[in-house]
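Numbers restart at 1 for each chain; the letters A, B, ... are given by sequence-line order, proteins then strands. The basis for the numbers below is simple: all heavy atoms, side chains too, and nothing from hydrogens, waters or symmetry mates.
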There are 2 protein chains.
Amino acid sequence: MPHTKAKPVVNTRIQARNKELILEAALDVFSASGFRGATVDQIAAKSEMSKPNLLYYFRRKEDIYVALLEHTLSDWLEPLRELNPEGDPLTELARYISAKMQMSEANPKASRLFANEILHGAPMIEKFLKGPLRHLVAEKCQVIQSWIAAGKIAPVDPYHLIFAIWAVTQHYADFSVQVDAVLGRREDSRAAEKAVLEILLRGLQVKQY
Amino acid sequence: MPHTKAKPVVNTRIQARNKELILEAALDVFSASGFRGATVDQIAAKSEMSKPNLLYYFRRKEDIYVALLEHTLSDWLEPLRELNPEGDPLTELARYISAKMQMSEANPKASRLFANEILHGAPMIEKFLKGPLRHLVAEKCQVIQSWIAAGKIAPVDPYHLIFAIWAVTQHYADFSVQVDAVLGRREDSRAAEKAVLEILLRGLQVKQY
DNA sequence: GATACCCTTGACCATTTGATCAAGAATTAT
DNA sequence: ATAATTCTTGATCAAATGGTCAAGGGTATC
């Protein structure tokens, strides 16, 4: 009987620790260089592990990448999920925008990882985009639509409003090099958050009579 | 005397034609796969040219990439350059936003090429960002500031307003896969443009008394 | 129509890189 | 203790890929 490569059956402490180390290193490398640009050697070096050892935990480079995406996808949705239909619209949207700005500030690497994946046609997360993401957005757009119908915010297309929020907030993570270059300094995240809130929300206020 | 590789001295018709063919093919390939992901073979195949012949026109892969970026960088600035200090602020900004939306629609590949370059730290166009781009933006921010001082538009940070315009307009090119997935269909560029104008400009109107 | 330069390519090379393997070290279970 | 399993790695491989070379085919100019 030929020897077939054995994979561990159980999940040991060492596995948990090393997989975590690998994913951490992989986020650095993939977010900086993209899938094709990243090399297994780089990830192995950054996780202080030999390449064969790394490949013992994740058989293929692609497996690391997919695991990494899945590992953070649901986190990404969380702030939108928390948009509360019962709350005050402008407060809720402000909270959502602030949360997204803070995610960009706290974890720009994850943001760049997604940006890169989507930029290249989202081959790995197509199902996520067309499934969970699409459905959650549809649900929240209904909420926004109901706010509009109730005259609580100005009538704007909810889908495009959400796209605008995503675009602007993630811009500060994904294009930080450009932002810093144009400002001539490191961007001040507090000032950015304040400005973004004004720009995106001011137009939603219904005029007072 | 050893034979040293001779490069053409003049610019012939054939050179002009082939360089153009190569850049066209390269835009396809680089925008789809990024610098590292793209291969010289792919570009050669798409320009219907042998690899050595392609490398006769551009010695290195990087040379194609840089030429491509330079080839389109100044186009990218043009709409902002046209922002007219003498014009009506909201009309001028609307024109700028519309122009950017139409660029995203007409040439999403160029947009993705830049997005990818900036996402990866802009190693090739750092000077452009810190030079021409920064100076043009500074100039136009002064214009916006003067409109604010004159009470013609609401007081918002001009830099972040420009970032928001860039972010939103380019989102439709760079993240079109996500936009289409969330909408469940091909995005309608007219509807998008209308929505974006509303979202970005409504908040800039000064309240009427 | 000869001459000089430009254009084109098949064959090739060196390096990088994703992945494998066999064998030994460490850990866990009995 | 010892057997079974998991963990680790140096050596190696095959494929992909950026780039070279020498030689032959075209084109423009005189």
A:Lys127 (side chain) donor-acceptor with A:Pro132 (main chain) under 3.5 angstrom:
no
I need the CG-C1' distance between A:Asn18 and D:dT8, as an integer number of Å.
10 Å
Distance test, side-chain N/O of A:Asn53 to OP1/OP2 of D:dC7, below 4.0 Å:
no
Taking OH from A:Tyr56 and P from C:dA23, how many angstroms apart are they, rounded to a whole number?
18 Å
What is the separation between atom CD on A:Glu48 and atom P on D:dC7, rounded to the nearest whole Å?
19 Å
Length of the CZ-P vector between B:Phe58 and D:dG19, whole Å:
13 Å
Which of parallel (below 30°), tilted (30 to 60°) and perpendicular (above 60°) describes B:Phe175 and B:His171?
parallel
Nearest-Å distance for atom pair CG/P, residues B:Leu55 and C:dA11
18 Å
Assign A:Thr39 to base, sugar-phosphate, or nothing according to its heavy-atom contacts below 4.0 angstrom with the strands shown.
sugar-phosphate
Please tell me which of A:Lys51 and B:Leu54 maps to the more 5' nucleotide of DNA chain C, matching each residue to the nucleotide holding its nearest heavy atom.
B:Leu54
Parallel, tilted or perpendicular for B:Phe35 and B:Tyr65, by the 30°/60° rule?
tilted
Nearest-Å distance for atom pair CG/P, residues A:Asp41 and C:dT20:
15 Å
So, B:Arg190 and B:Glu193, do they make that salt bridge, N to O below 4.0 Å?
no
Does C:dT8 have OP1 or OP2 under 4.0 Å away from a side-chain N or O of B:Tyr57?
yes
Which is true for B:Ala44 with a 4.0 Å heavy-atom rule: it touches a base, it touches only sugar-phosphate, or it touches nothing?
nothing
Which part of the nucleic acid, if any, lies within contact of B:Arg36, taking any heavy atom under 4.0 Å across all strands shown: a base, the sugar-phosphate backbone alone, or nothing?
sugar-phosphate
Want to settle it: does A:Arg17 or B:Gly37 sit nearer the 5' end of DNA chain D, counting the closest nucleotide to each?
A:Arg17
